[in-house]
Structures are given as structure tokens and as C-alpha cells.
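Following: one structure in C-alpha cells, then a few remarks.
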Amino acid sequence: MATEEKKKELLEKLRNAVIQYDEDTAKEAANEALSTGMEANDAIFNGLVSGMVEVGRMFEAQEYFVPELLMCADALYAGLDILKPHVKQLDLGVKGSVVIGTVEGDVHDIGKNIVKMMFDVAGFTVYDLGRDVPLDKFVAEQLRTDSDLVCLSAMMTTTMTGMKKVIDDLRTKNPNVKIMIGGAPVSQDVADKYGADGYAKDATNALKDAINMVASLKKMKDEVEAKKAK
Amino acid sequence: MNSRERVLKLFAGEEVDRPPCFSGMGNVTTEGLKSLNQKFAATHLDAKMMAAAAASTYKLFGFECAVAPFDLCIEAEAMGCEINVYAHSEDLLYPTIKKKLIHNEAEMEIQIPSDLTKRGRVPLMAEVIGLIKRDIGKEAAVGSYVLGPFTLAGQVMELNDLLKLSFKKPDKIGKLLDLLSDVIIQVAGEYQKAGVDYITVREMGATSDVLSPRVFKSLILPYLKKIFEKITVPNVLHICGKTNDIVPFMMESGTKAISVDQKNDVAETRKKVGPKTLVFGNYDPYNVLVAGTPDLIRTTIKKCMDDGVSAVWPGCDIWPTVPADNFKAMMDEVRNYRR
Ligand code: B12
């Protein structure tokens, strides 16, 4: 077992590797963490993810821009790939899956990719459909994967209206799925009008809301199961 | 003084009676399309339809220019990208790149096709410009636009790769931007030959929402300089977002005028650049012009002029669904303005 001091040092190394977008160091630190017997969960959340939280702050403060953010994400994924197989039980409270994409006619995917990254970090299973995604594809993919959550991104006023079609279609085919929308022209008002379950103005809030939604969904399912069991 | 004279005098640094109200970016409206009985999706591939749609905003509202094309795919298409015009769609969908040219770092060694200006819709654009000139070219300014090298790079390769490599391998990206600058110069050259009055270089991919001022200066500015050296007609550099941090670099590019959007504090820009520099801007072409009331439009347009813009000009493409009354309110406000 690693000493407290060594542990602290390694967590710091993981965190800094992400902040300084250093993939090699992230890999090295992840391997070291495993060989010293550190819990993978600990290394992920108190090391890598803690670094990413700081990166998010720097992005908002305009110290970092999109390229830096993407490179930090690469460093994080590099560490994550090594640590994930050793995670005993991903204990985030919830374990969710999400279908995400930018709607048809819209190629703006920078924001969507940032939101996606947050879900990856939090241990969600992510089905990324990319950009300019035909509307029926969201529905088909949700049904195929039985995901808890569908996330739609749109950056233009016209493509935003496509979200309503997806929402209506999903509601008839699968009333239980939670739907979250976002992108520059989208607001809470729009989300209410379109009948989405959630809206978030940025990636961090998106993740918080998503975790709450998935948790409530799980609770609902458990209650149904419990009733059946009786 | 008619609209064309007003715009050209402004570019030439001569006195004008009032700031012109025009744009260097797309400004086709659904009102215009309706008056012509045309569908948006059809206008991108047909010279007559595109020319008529481009001229309709001047004809209906007295907007002081006509600008074509309406999408951002011309250069990339000529380089060999496949595009999607959503021909089946009744909605207002803008053409997009369906298939990129460069899918990974290994594919970055590309060449400019020797017949570049004969490919894709470049010849169509020359025809469109000619048609608009013959139609309203004596009364209104006829403009077109090209992409900036970084924005064009984002069209021909995966944007994530472009952004990351800009940091990791700036030399490699620099080489690509250099090549794409030559593409842009050739396409702009065709538009000049066809007779455009002015050309806007749209470097919207390099906004400070996405890229740091430092990278803008070291990686992009050199190629913008190269481009503006070669454009002989009056020209404009447009960049979206909070641009005040890079305004000095924008001026260094050698452009005749800089264009900024609604996120930028244009009064501050005016202070930075002094009274002589041409600054175009900066009303929100959707939230104000389309979604606003005529009152909001009048106060916004007045503020642009109070803040010191040289021309009243939108922050991006005018979103087509502008209500006619809103457009009229804008034009009235500009015409009646007294400094
Ligand atoms: C970069 C850019 C482009 C690039 C896109 C590259 C790419 N692969 O993404 C290029 C040059 C290709 C482009 C093209 C066009 N663009 Co553009 N573009 C922009 C710009 C400048 C920045 C967008 C951006 O990436 N921001 C940075 C990211 C980090 O922010 P974000 O996307 O908002 O994401 C955050 C949140 O919104 C949220 N979020 C995002 N998605 C989701 C999803 C969920 C579920 C949740 C919860 C949250 C969430 O979290 C994110 C992270 O915090 C914007 C202007 C602006 N400043 O918004 C215009 C803008 C979006 N574009 C616009 C236009 C008009 C176009 C074109 C139509 C132009 C044309 N004539 O062809 C074409 C569109 C082609 C098409 N059919 O899609 C307009 C749209 C107008 C409108 N109201 O509809 C804008 C708003 C510019 C303007 N001021 O008018 N563009």
C-alpha cells in the first residue's frame, strides 16, 4: 500500500498532467498509481478529474481556449484508458448512458464535444453520433442502446427546431427516456416549450443535471421493480 | 449619392452623407425568396436564382448592397470536399461539408488542383456576380466573401485536429494555412475579375471564443497579411466574438476595414483604433433584427452609430426570417440619423 505522502504526490502528478495537457505524464502517473496499489477510483476522481475541473475554470476565465481544452481532454483520456479496467465498481451514485449529437443541418460541434467529454469523465457510456445527424437517427440509437439520456445540441435557430421533432418522436416511442438540450440559441424557455427534461448553458451544468436526471430515472425503475417483486 | 457611391466613397476614405447600411456577409431574406417564389435550397446551385435572391434585399428594403454566395463551402468544394445542400429540405438549412479532404494528420500534404478556379461553384459565382452587376450594379454595391485561412482549414479537415495541431505542430498547420491562402487568393481573384466592388474575408473560426489572441497573432496573422496584400478591391476582415483583444492584429493584417460582432464593445474598438479606421458593425442579426421589436432595432442601430461605427453592418449573416417591418425600422433609423 502506498504511503499517504506518495499518494498525494501521485494525485498531484495526475492532476497536473491534465492541466498541462501532458499525455505521457498522465500515462506514467496512472501506471504508477496502479503499481503502488492506489484505488483506480481515487486516481480518476481526485487526480484526473480534479485536474479537469481546474481546466474548466481556466477555460471560463479565458486563460485556456478550445485547443487547450481538447488537449487536456486527451491527457485525461490517456490516464483514464489505463485506470478504467481496474475500477472495481464505478461508484458515482449513478452509472448512466447517453446518446449525444448535433442535429441535422448543423455542423457546429465544438460545444457538443465539450459536453461529451464531461460525460466521458463522469463514467457515462457515451454514444456520440457526431454532427449534422439525421433526426430519426437519435431515436433509432436510443432504442438500440436503451440509453438513459439523449442530449441534443444545436447552434442555429433553424436547426434548433429539429430538436422538437426528435423530442416528440422519442416521447411516443419511449416515454421513460430523459432528454436534455443545449447550444447557443437554446434557453430554458425553449426547453420548456419543446418539452425537454433539461437544459444547461454549459458543460459543467449539463453534467450536474444529467446525473440528477439519471438518478431519478433509476429510482423510478427500482420502484417499479420493487412493486413487481411484491 | 446612391448606395453604391456611398459605400465606395466610404472605402476610399471620402466624405459620406451618413454611414451606409450594408453587409459583406449573407443577407438573403425569406421575404425576398417569397417575392421570387424561390426555395432557399435551390438558390445555391443556380446562378440566376442566386443572383436574384442576392439582389432582392436591396430591391425590397433598400439595403445598400447585394452579396453572394450564402454558404461557406465554395473554396472547400473547389478543393475537392463534397457538400450537402439539403435539396430535399423545405427548411432554411445552409449547405455544409459532407466529406472532408483531410481525415488525419498523415493526410495533410495536399495540393491545389491546377484547375482550381474551374472547379465546384467558382465559375457559377463569377456568373452570379456578373448577373447582379448587370441588374443593380449601378445603384448598389456588389460584394462577395471568401473564408479566412484558418476557417477554411476547419472546413477541409477535422476541426479538433486543426485546433490541437495548432498547438502541437504549428509548423505543419502554418504550411497548410499558407497553401490555403493561395486558394483564397485565387478564388478572390476570380470574384475581382467578375467585377465585385468589395470582398470580405471571414475568419470566423478564429474567434476569441475558440482561439487565444496569442495563437491568432503567431499562426494566423501572417497569412491574413499575405491575402490582403493580393486583394485589390476594397476589403474587410470579419471576426466573430469579443475581438477587442485582437483588434490591433486585425488592423495589422492590412485590411481596409474591420468588422466586429455584437459581443464586442464597439465604442471601445473605436477608442483603440482612432477616428479614421473603418470599423463596421455590430448589431445582432438574429436576436435583434429577427427576434426584436422595431423599437429595439431602432435603439440598437442608433447605439451602433453613437458608438462610432463607420457603417451599420450585422455581426454575421443576416438570419433570413427577418420580418419586413424590422428591416424597414433599421433602414429608417440609419437614414434619419444625425450625428
Ligand atoms: C465556430 C463557428 C462556426 C464554425 C463551426 C465549426 C465547428 N465544427 O463547430 C463554422 C465556420 C464551420 C461555422 C459555420 C456556420 N455558422 Co457559425 N459560428 C461559429 C461561432 C463563431 C462559435 C461557435 C462555438 O463553437 N462556440 C464555442 C463553444 C464552446 O460554445 P457553444 O457551442 O455555445 O457550447 C457551449 C454551450 O452552448 C453548451 N452546449 C452546447 N451544446 C450543448 C448540448 C447540450 C445537451 C447541453 C446541455 C449544453 C450544450 O455547452 C457548451 C460548452 O460550454 C458562432 C458564434 C458564437 N460565438 O456562438 C457562430 C454561429 C453559431 N454561426 C452562425 C452561422 C449563421 C453559421 C453559418 C450558417 C454561416 C453560413 N453562411 O453558412 C454556417 C453554418 C453551416 C451549418 N449548416 O451548420 C450563427 C447562427 C445564427 C443563428 N442564430 O442561427 C452564429 C451564432 C454566429 C452569429 N452571431 O450569427 N460557424
Side-chain angles (χ1 to χ4, degrees), chain A residues 20-24 58-78 102-114 116-117 120 128 130-136 154-165 183-187 189-190 202, chain B residues 30 40-41 71-73 76 83-86 88-100 150 154-155 158-168 170 173 204-216 219 240-242 245 263 284-287 290-291 316-317 319-321:
Chain A
Q20 286 154 12
Y21 42 88
D22 184 342
E23 283 181 52
D24 292 337
M58 293 169 79
F59 180 64
E60 260 151 50
Q62 296 234 326
E63 289 164 44
Y64 271 6
F65 293 82
V66 177
E68 289 92 328
L69 203 66
L70 295 172
M71 290 188 295
C72 293
D74 281 354
L76 176 132
Y77 285 131
T102 306
V103 298
E104 177 159 37
D106 204 324
V107 294
H108 295 95
D109 62 356
I110 301 176
K112 186 269 295 170
N113 287 342
I114 295 174
K116 174 196 162 189
M117 191 176 79
D120 278 330
D128 181 9
R131 54 178 177 252
D132 191 11
V133 179
L135 301 178
D136 348 329
M155 288 296 285
M156 293 188 294
T157 334
T158 40
T159 53
M160 185 172 83
T161 56
M163 292 175 156
K164 171 116 181 49
K165 292 182 197 153
V186 181
S187 61
D189 268 4
V190 173
D202 58 34
Chain B
T30 37
F40 191 54
D71 64 287
L72 309 176
C73 305
I83 68 161
N84 189 352
V85 295
Y86 304 98
H88 64 282
S89 178
E90 297 287 317
D91 295 333
L92 280 171
L93 295 184
Y94 281 76
T96 55
I97 306 289
K98 189 155 65 180
K99 227 169 120 214
K100 307 226 171 201
F150 194 79
Q155 298 283 60
E158 278 307 325
L159 190 66
N160 279 3
D161 293 342
L162 172 64
L163 291 168
K164 284 190 261 182
L165 289 172
S166 299
F167 252 80
K168 291 186 182 163
I173 296 297
M204 57 212 278
T207 148
S208 326
D209 285 353
V210 175
L211 211 63
S212 70
R214 199 165 50 84
V215 174
F216 181 83
L219 190 62
C240 306
K242 290 200 189 92
D245 285 344
K263 284 194 182 165
D284 187 325
Y286 180 76
N287 291 307
V290 176
C316 196
D317 299 283
W319 198 253
T321 54

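The chains referred to below are lettered A, B, ... by the order of the sequence lines, with proteins before strands, and numbering in each begins at 1.
- Around atom NZ of B/K242, no more than 12 heavy atoms belonging to other residues, nucleotides or ligands sit under 6.0 Å away.
- Residues satisfying the salt bridge (charged side-chain N to carboxylate O under 4.0 Å, His left out) test with A/E60, not counting sequence neighbours, are none.
- In this structure, chain A has no heavy atom under 4.5 Å from any part of B/S166.
- Only the side chain of B/E158 comes within less than 4.5 Å of a heavy atom in chain A; its backbone stays farther off.
- Contact count versus chain B (heavy atoms, under 4.5 Å) is highest, among A/F59, A/Y21, A/F65, for A/F65.
- When all heavy atoms of B/L211 and A/P67 are compared, the closest pair comes out as CD1-CG, 3.6 Å.
- For a residue to count as touching a neighbouring chain, one of its non-hydrogen atoms must lie under 4.5 Å from one of that chain's; by this rule A/Y64 does not touch chain B.
- For the set A/M156, A/E63, A/Q62, A/E68, the entry with the most heavy-atom pairs within less than 4.5 Å of chain B is A/E68.
- A distance of 6.5 Å separates CG in B/L93 from CD in A/E104, rounded to the nearest 0.5 Å.
- Residues B/F40 and A/T158 fail the side-chain proximity criterion, which asks for heavy atoms closer than 4.5 Å.
- Both the backbone and the side chain of B/L163 come within less than 4.5 Å of a heavy atom in chain A.
- Contacts between A/L70 and chain B at a heavy-atom distance below 4.5 Å involve backbone atoms as well as side-chain atoms.
- The choice from A/L69, A/T157, A/V107 that makes the most heavy-atom pairs within less than 4.5 Å of chain B is A/T157.
- Contact annotation for B/L159: only side-chain heavy atoms (C-beta onward) come within less than 4.5 Å of a heavy atom of chain A.
- Residues satisfying the salt bridge (charged side-chain N to carboxylate O under 4.0 Å, His left out) criterion with B/K164, sequence neighbours excluded, are A/D74.
- For the atom pair CG of A/N113 and CG of B/N160, the computed distance is 5.0 Å after rounding to the nearest 0.5 Å.
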